[in-house]
Amino acid sequence: GYGAHLGADHRRQGHRQENCHEKEQRCHLPDGKGAVGAASWQIKKEFALILEKIHDPNDIKLLNAPQTQLLCTELREFLMTHVSQTGGHLASNLGAVELTVAIHRVFDTSRDRLVFDVGHQCYTHKILTGRKERFDTLRQYRGLSGFPKPHESEHDAFIAGHASNSISVALGMARARTLQHQDYSVLALIGDGALSGGLAYEGLNNAGASKRTNLLVILNDNNMAIDQATGALKNYLLKISTSVHYNRFKQRLWGLMSHTPRLLRLCQKAGNAVKQGLLNKSNFFESLNFRYFGPVDGHNLKELVRTLRALRDIEGPKLLHVMTVKGKGYLPAEHDQPAWHAPGRFNPDTGERISAPGGAARYQDVFGETLLELARRDERVVGVTPAMPSGCSMNILLREMPGRCFDVGIAEGHAVTFSAGLAAAGMVPFCNIYSSFMQRAYDNVIHDVAIQDLPVVMCLDRGGLVGEDGVTHHGVFDMAAFGAVPGLTIAAPMNEPELRNMMYTALGSGHPFMIRYPRGHGEGLPWRGEKFETLPVGRGRRLREGADVALLTVGTVGNAAARAAGRAAAEGVSVAHYDLRFVKPLDEALLDEVGRKFRRVVTVEDGSLRGGVGEAVAAFFNGRGYDVRVQRLGIGDEWVEHGTPGQLYALCGYDEEGILRALLDTRA
């Protein structure tokens with residue numbers, strides 16, 4: 001009855017659908033000035049007849065083929081409408097619409113396990129699994145997460161905020177299924193460059209060793225990460241996907257035998273021989289004992305459904321290679337995929353991106369421009385990034401000096417060790433990795449850089465609470481984790497000139513040097529073209545004289561603290577404000593001054609309190625015998641959800657108001 005009901009709806013609206021498709025075709029054409037028409041996504045809301053009736057993935061199984069295809073069109077409209085308001089990951093989700101619908105057409109994710117990798121391609125999945133009505137809360141405080149979250153839905157099998165872990169996770173689930181004598185399918189959907197990470201190959205290697213483990217890996221191959229995909233594997237996948245004769249043969253074979261899985265298995269060896277002859281090499285995945293299928297057009301819904309149904313009944317580890325277009329259906333995103341990976345808020349009709357108010361530069365751009373300036377001055381300077389040239393603004397160096405900028409793929413550990421090799425051979429690499437992603441390279445920092453005292457400059461972007469990306473992306477552990485590493489200098493700038501000068505200082509230090517700075521915009525202070533200054537390593541500075549309480553800050557939280565100190569003075573509390581500048585080594589002379597003069601101290605840091613700067617300051621006072629009461633503000637022993645940075649600073653108690661309360665409370 002449900003499918004027939006939808007069919008009747010669409011028969012009544014047949015002329016509207018025709019007009020809708022005509023409009024869509026028109027919007028794919030460039031305008032008269034040659035600019036790309038932005039409204040290729042647009043379908044009027046009155047035509048959204050399918051999606052409004054989808055409340056559960058089982059509803060998708062009741063649709064006929066034309067209805068399912070129209071659902072994909074409506075899903076793209078829905079994504080464009082909502083992501084343009086909430087921000088989030090757009091292009092990757094537009095490219096995965098048909099693939100996600102096909103998976104839900106064939107599998108039951110309330111029972112079967114679907115592991116996303118990377119998790120930012122899960123929006124269509126969320127819409128189809130009962131979260132459509134809450135989608136306007138995406139990435140908002142106390143709203144839907146931008147990544148899979150098991151506590152949010154039974155359809156989310158595993159948290160996936162980073163990359164390359166899905167195959168290992170799925171293999172663990174498949175082995176657990178066997179041990180518990182259960183029967184369900186396990187899928188790993190890997191894409192957006194995640195196959196460039198070493199962990200993915202550890203999972204493939206281990207999974208391939210068990211020929212009886214029923215596991216399906218779906219490679220969503222869009223030739224992109226956030227930026228253009230790099231590496232030998234990209235070229236290998238391209239060679240597979242462009243082997244026209246082999247793919248034509250294989251698709252015909254699948255068309256004939258899609259309903260006879262046993263016969264398909266018998267033809268497997270013959271297929272391997274064909275590939276050997278056409279590609280002049282054995283298939284990489286099949287050399288790991290995976291049965292390789294594809295490439296398949298990731299926007300051909302009928303073919304995807306038929307292929308997935310056939311693979312569901314074939315035992316053992318399998319890999320389905322799916323070719324998709326990142327940003328599919330929205331021409332601005334198709335033509336500039338890196339820019340539309342996570343574009344922020346924008347006007348979907350015009351493609352105009354809506355910038356936040358304020359003219360201050362982003363910290364990542366201060367890094368990018370300063371790196372280029374240093375590279376012009378010193379031939380030893382090179383840049384290294386794990387698939388984030390635009391995300392960290394290293395693309396500024398890449399454009400002018402491509403031979404001195406290295407994108408190593410989503411491989412943070414390799415990025416650090418590769419940088420160590422560069423440094424050991426006489427270069428000074430600036431290795432830029434998001435703070436939360438550097439956690440994957442902890443051993444590499446210790447073993448390959450710090451122990452050997454190599455001049456690698458590690459720039460940790462997105463230090464502290466990052467906002468709407470939430471718990472998987474908050475850079476809250478770096479100061480506590482790396483503060484224990486001997487010989488490593490850790491600096492945190494308070495503003496744009498400080499970041500610029502810390503990079504210059506790091507270049508001349510000759511030792512391992514880490515600089516952590518936040519996401520977002522600076523204070524608007526002049527920095528471009530300013531004269532470089534070498535900062536004394538391990539020395540802080542006094543910003544404000546005071547007599548009642550000492551306020552010790554590190555990093556950009558010092559700006560909110562400075563405003564709070566001024567307000568406290570108006571309330572009768574005299575605050576001495578010190579900017580530590582360095583997490584390690586701490587300025588012991590400065591701390592001795594504080595310990596001698598003050599009995600009350602407030603410390604503020606945009607990071608974990610446990611093992612953090614405030615704890616180190618308190619330990620220093622205790623070790624020197626100073627009678628000082630230290631109140632520490634920062635992030636407690638808990639996971640912090642997603643929201644705007646301002647909301648999260650307030651939640652953790654170290655926004656301007658929270659700092660002011662702490663300063664005033666010390667009067668008692």
Side-chain angles (χ1 to χ4, degrees), residues 359-385 389 392-401 403-406 419 422-423 426-433 449 453-461 463 487-543 553-556 558-559 562 578-587 589-590:
R362 298 180 301 174
Y363 282 106
Q364 69 178 71
D365 293 332
V366 177
F367 162 81
E369 293 186 32
T370 302
L371 179 62
L372 176 59
E373 190 172 355
L374 294 176
R376 288 169 176 164
R377 285 170 164 250
D378 192 326
E379 292 182 352
R380 299 174 302 157
V381 172
V382 293
V384 179
T385 174
C392 72
S393 293
M394 199 177 285
N395 55 356
I396 296 171
L397 175 66
L398 182 64
R399 284 193 294 267
E400 182 166 323
M401 301 180 181
R404 291 168 63 184
C405 187
F406 304 96
S419 298
L422 286 164
M427 305 302 287
V428 180
F430 281 72
C431 180
N432 191 301
I433 300 178
V449 175
D453 193 30
L454 291 172
V456 177
V457 183
M458 292 160 283
C459 296
L460 273 55
D461 198 340
L488 177 62
T489 296
I490 306 175
M494 187 172 168
N495 49 45
E496 305 96 318
E498 288 277 290
L499 173 55
R500 175 180 165 82
N501 287 325
M502 284 177 179
M503 292 177 65
Y504 179 72
T505 302
L507 173 59
S509 75
H511 301 284
F513 207 108
M514 183 175 285
I515 307 171
R516 59 105 65 179
Y517 53 91
R519 179 188 185 191
H521 295 265
E523 297 299 303
L525 299 180
W527 59 275
R528 287 188 179 92
E530 296 292 315
K531 184 179 179 180
F532 282 113
E533 176 187 352
T534 299
L535 303 178
V537 174
R539 295 289 300 276
R541 55 180 179 160
R542 183 173 58 249
L543 300 177
T553 64
V554 62
T556 56
N559 297 293
Y578 297 85
D579 171 26
L580 292 173
R581 275 183 169 169
F582 290 89
V583 176
K584 184 179 183 184
L586 285 173
D587 188 340
L590 181 153

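Index from 1, following the sequence.
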Do Val382 and Val428 have side-chain heavy atoms sitting under 4.5 Å apart? no

Compare all side-chain heavy atoms of Leu580 with those of Leu590 and state whether any distance is below 4.5 angstrom. yes

Atom pair CD (Gln364) and SG (Cys459), whose distance is rounded to the nearest 0.5 Å: 12.5 Å

When rounded to the nearest 0.5 angstrom, what is the spacing between CG in Leu372 and CG in Leu397? 6.0 Å

Taking all atoms of both residues into account, what is the closest heavy-atom pair of Ala492 and Val554, and its distance? CB-CG2, 3.8 Å

Flag the pair Leu507 / Phe430 as yes when at least one side-chain heavy-atom distance between them is below 4.5 Å, and no otherwise. yes

Once rounded to the nearest 0.5 Å, what's the spacing between atom CD1 of Ile490 and atom CD1 of Ile515? 11.5 Å

Gap between atom OG of Ser419 and atom CE of Met458 - 0.5 Å precision: 8.5 Å

Where do Pro429 and Ala423 come nearest, in terms of heavy atoms and distance? CD-CB, 3.9 Å

Tyr504 versus Thr534: any side-chain heavy-atom pair under 4.5 Å? yes

Could you walk me through whether Val384 and Leu422 pass side-chain contact (heavy atoms from CB on, under 4.5 Å), step by step? CA-CA 10 Å; Val384 179; Leu422 286 164; 3.8 Å; yes

So, Asn559 side chain and Thr556 main chain: donor-acceptor pair closer than 3.5 Å or not? yes

With a 4.5 Å cut-off on side-chain heavy atoms, are Phe513 and Leu488 touching? no

Are any of the side-chain heavy atoms of Arg581 and Arg539 separated by less than 4.5 Å? no

Going by distance alone, is a donor N or O of one side chain under 3.5 Å from an acceptor N or O of the other, for Asn432 and Thr385? no

Heavy-atom nearest pair, Ala361 first then Arg528, reads CB-NH2, 4.4 Å

Output yes when a side-chain donor or acceptor of Asp587 lies under 3.5 Å from a complementary backbone atom of Gly540, and no otherwise. yes

Between the CG atom in Asp579 and the CZ atom in Arg541, the distance rounded to the nearest 0.5 Å is 4.5 Å

Might you point out which heavy atoms bring Pro497 and Pro526 nearest each other, and give the distance in Å? CG-O, 3.4 Å

Decide yes or no for Cys392 and Asp461: does some side-chain heavy atom of the first lie under 4.5 Å from some side-chain heavy atom of the second? yes

Spatial distance of atom CE (Met502) from atom CZ (Arg516) [nearest 0.5 Å]: 11.5 Å

Side-chain donor/acceptor of His511 to backbone N/O of Asp453, under 3.5 Å: no

Has Arg404 got a side-chain atom pairing as donor or acceptor with Val381's backbone, closer than 3.5 angstrom? yes

Side chain of Asn395, backbone of Leu398: donor and acceptor closer than 3.5 Å? no

Could you check whether any side-chain heavy atom of Glu400 comes within less than 4.5 Å of a side-chain heavy atom of Arg376, counting everything from C-beta outward? yes

Heavy-atom pair of closest approach, residues Met494 and Glu523: O-CG, 4.4 Å

Please enumerate all residues that pass side-chain contact (heavy atoms from CB on, under 4.5 Å) together with Thr370, with sequence neighbours excluded. Val366, Leu374, Arg500, Met503, Trp527, Phe532

Tell me, with the steps shown, if Thr489 and Phe582 meet side-chain contact (heavy atoms from CB on, under 4.5 Å). CA-CA 8 Å; Thr489 296; Phe582 290 89; 3.9 Å; yes

Minimum-distance pair of heavy atoms, taken over all atoms of Pro518 and Tyr363: O-CB, 3.7 Å

